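One structure is given here, and the rest of the page talks about it.
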Amino acid sequence: MASLSALRMLSAPCHTARLRPARSSTLIISPTSSSASYRFSHISNYNRPAVDGMRYLSTLPPRVGRRIVHQLMTQAPYSTAAEQPASGSGTKFVYNIAASYVGKGLPFNPSTHVFHFNPYHRVSKPGKKAKSARPESGQDAFFVSRVGNRPGEVALGVADGVGGWMDSGVDPADFSHAFCDYMAAAAYENDRQPTKIASAAANGPAAPAGGEGNTSDNAPLTARSLMQKGYEAVCHDPTIKAGGSTAVVGMLDESGTMEVANLGDSGFVILRLNGVHTASEPQTHAFNTPFQLSVVPPSMLLRAATFGGGLLIDQPRDADVTRHKLKHGDVVVFGSDGLWDNLFNQDILRLVSSTMQKLGAWKGTDAGVQVAEDLTPFTKLDSDDKPIFTLQSFIATHIVSAAKSASMNAKLDGPFAKEVKKYYPQDAWHGGKEDDICVVVVLVSEEPADMATPKPRL
């Protein structure tokens with residue numbers, strides 16, 4: 001009966017949700033960025049329907065749905081409005097991460113199209129994976145890795161292979177998946193120096209000597225330098241003859257500082273206490289032509305030099321780099337353009353807010369929305385049951401399910417349809433945009449520094 005009442009609660013409307021713009025604390029350090037604050041747009045889409053918790057759970061097998069509710073409801077009491085932990089030297093930040101994905105044209109299965117991040121797992125060396133071992137994410141790829149031997153520091157990213165290379169007989173997935181594999185390996189093997197993201201943020205936007213563009217072994221690892229390392233490795237990989245990809249790369253440390261390098265139209269959004277706190281802006285050369293890293297074969301370079309024609313070969317130094325101070329209870333969503341072309345930021349906020357509040361991680365009070373003091377019961381990985389369900393994985397699969405549904409809806413206009421109308425008013429495009437979809441969700445938790453971090457039993 002407890003599971004039935006929980007399911008009913010998930011289907012009930014959320015009266016405490018308040019969609020509101022929030023001023024961004026982002027420090028923009030790239031000259032190509034257009035604004036230092038998130039501009040709350042598409043206000044007219046507040047009433048855009050989104051997949052609610054009950055409808056999503058109803059798509060799962062009954063046993064799976066009951067297990068989700070049991071783990072997320074009975075393992076943790078419904079939280080009261082708790083004061084947030086005071087940030088300082090006595091606390092550390094823990095990042096609870098999951099990813100979900102689905103390739104274009106494939107049916108979405110939330111039980112298998114999901115990844116649970118465990119900082120104690122090894123990262124495979126690049127080139128060891130067969131194509132058949134790749135996740136079913138199509139031309140999208142992602143990675144999550146601890147940084148060196150420091151499980152409290154995390155590197156992650158999403159890359160979207162440029163589909164236009166298919167016209168030249170190139171599989172765009174080869175570039176994006178190899179790119180992510182190389183970045184994961186570079187982060188995992190970085191044992192020489194701390195990332196020093198927080199100290200870089202304190203020093204302001206000026207990059208120190210040997211910083212952003214320096215990929216030497218002695219340089220501190222940053223989001224942009226990790227992107228550079230992955231790109232250089234792909235360029236020197238003899239199996240990657242050609243291809244291209246957009247990329248968004250994040251670095252998170254125990255002080256609660258997140259640095260993001262974003263190149264192209266992948267991106268991220270930070271959700272805080274029922275508001276869109278910060279969101280990235282896409283980088284494009286023209287409509288549907290994002291910034292992209294590329295490997296261009298010599299024959300194509302020669303043809304362009306002889307007969308003319310433009311080639312898009314952007315560099316990691318062109319990425320927008322931003323630094324953010326995270327807080328306990330924040331939800332950060334990274335995604336490929338398959339997400340952003342089909343769901344507005346308000347749609348994502350509505351999905352996340354409904355789940356967080358109805359399960360007790362966020363709590364609406366007369367004083368506003370507050371965060372449960374202890375998020376561990378919602379996020380812990382150690383479980384005797386398989387498959388494992390956590391709040392972060394539930395949010396990730398929920399978002400992908402909603403984006404997949406929106407992409408196949410031919411009547412409800414999404415963000416991509418609005419962009420088409422902006423650039424081509426005479427075009428009759430309606431509905432969503434079918435594409436590969438990849439999402440990485442970070443649920444931020446602040447804990448006492450002396451709290452031991454047990455190794456999950458997976």
Side-chain angles (χ1 to χ4, degrees), residues 10-26 34-35 37-56 100 248 262 265-282 324 327 329-359 361-362 364 368-369 371 394-409 411-422 430-433 435 437-444:
L10 277 171
S11 65
C14 180
H15 296 293
T16 56
R18 293 180 292 115
L19 297 176
R20 55 175 175 81
R23 186 168 298 175
S24 168
S25 60
T26 306
S34 59
S35 172
S37 63
Y38 172 58
R39 293 173 296 180
F40 207 65
S41 59
H42 306 301
I43 301 297
S44 62
N45 289 281
Y46 270 2
N47 296 322
R48 177 179 166 83
V51 178
D52 60 30
M54 181 61 178
R55 192 187 312 166
Y56 173 63
S100 186
V248 57
N262 185 40
D265 58 2
S266 293
F268 71 98
V269 62
I270 301 175
L271 307 178
R272 177 175 298 166
L273 297 179
N274 264 5
V276 177
H277 180 66
T278 306
S280 59
E281 293 284 348
H324 314 265
K327 291 187 177 182
D330 284 357
V331 177
V332 188
V333 180
F334 293 81
S336 64
D337 68 338
L339 171 63
W340 312 114
D341 283 344
N342 289 295
L343 294 182
F344 294 101
N345 290 333
Q346 294 93 329
D347 296 332
I348 300 170
L349 171 63
R350 199 158 32 238
L351 293 169
V352 173
S353 178
S354 175
T355 301
M356 293 289 282
Q357 289 200 72
K358 290 174 181 174
L359 295 179
W362 289 352
V369 180
V371 182
F394 182 75
I395 291 174
T397 55
H398 198 173
I399 292 173
V400 171
S401 177
K404 180 71 172 180
S405 297
S407 73
M408 297 185 295
N409 190 326
K411 296 181 179 180
L412 186 62
D413 288 351
F416 184 79
K418 287 192 174 291
E419 285 294 298
V420 172
K421 292 177 182 178
K422 175 182 175 181
H430 288 287
K433 178 177 180 286
D435 201 352
I437 302 169
C438 183
V439 168
V440 178
V441 169
V442 182
L443 182 54
V444 181

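When reading the values below, keep in mind they use all heavy atoms of this one structure, side chains included, and skip hydrogens, waters and symmetry mates. We number each residue from 1, following the sequence as shown. The model shown is predicted, which means the values in this text are computed figures rather than measured ones.
Within the 4.5 Å cutoff, no side-chain heavy atoms of Val420 are placed close to those of Lys433. The side-chain heavy atoms of Asp341 and Glu419, taken from C-beta on, include no pair separated by under 4.5 Å. Side chains of Val352 and Val441 form no contact here, defined as non-hydrogen atoms less than 4.5 Å apart. Contact check for Asp337 versus Phe416: no side-chain heavy atoms found under the 4.5 Å cut-off. Residues Asp330 and Val371 form no side-chain contact, since every pair of their non-hydrogen atoms from C-beta on lies 4.5 Å or further apart. Using a 4.5 Å cut-off on side-chain heavy atoms (C-beta onward), Ile348 and Trp340 make contact.
Across all their heavy atoms, Ser336 and Ser266 have their closest contact at CA-OG, 3.7 Å. In plain terms, the two heavy atoms of Leu343 and Ala406 that are nearest each other are CD2-CB, 4.1 Å. When all heavy atoms of Val269 and Ala279 are compared, the closest pair comes out as CG2-CB, 4.0 Å.
Between the side chain of Ser354 and the main chain of Arg350, no donor-acceptor pair closer than 3.5 Å is present. No donor-acceptor distance shorter than 3.5 angstrom exists from the side chain of Ser100 to the backbone of Val439, with no hydrogens or angles considered.
Test Leu271, Ile270, Val331 against His277 for side-chain contact (heavy atoms from CB on, under 4.5 Å) and you get one pass: Ile270.
To the nearest 0.5 angstrom, Asn345 atom CG is 8.0 Å from Ser280 atom OG. With rounding to the nearest 0.5 angstrom, the NE2 atom of His398 is 9.5 Å from the CD1 atom of Ile395. Rounded to the nearest 0.5 Å, atoms CG (Leu273) and CE (Met356) are 9.0 Å apart. In this structure, the separation between CZ on Phe268 and OG1 on Thr278 is 6.5 Å, given to the nearest 0.5 Å. Here the CG-CG distance, from Asn342 to Asp435, works out to 7.5 Å after rounding to the nearest 0.5 Å.
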Requested in this report: Check the pair Asp413 / Lys421 against side chain to side chain contact (heavy atoms under 4.5 Å, CB included), numbers first and verdict last.
Outcome: CA-CA 10 Å; Asp413 288 351; Lys421 292 177 182 178; 2.5 Å; yes
Query raised in the report: What's the verdict on side chain to side chain contact (heavy atoms under 4.5 Å, CB included) for Trp362 and Thr355, showing C-alpha distance, side-chain angles and the deciding distance?
Result: CA-CA 9 Å; Trp362 289 352; Thr355 301; over 6 Å; no
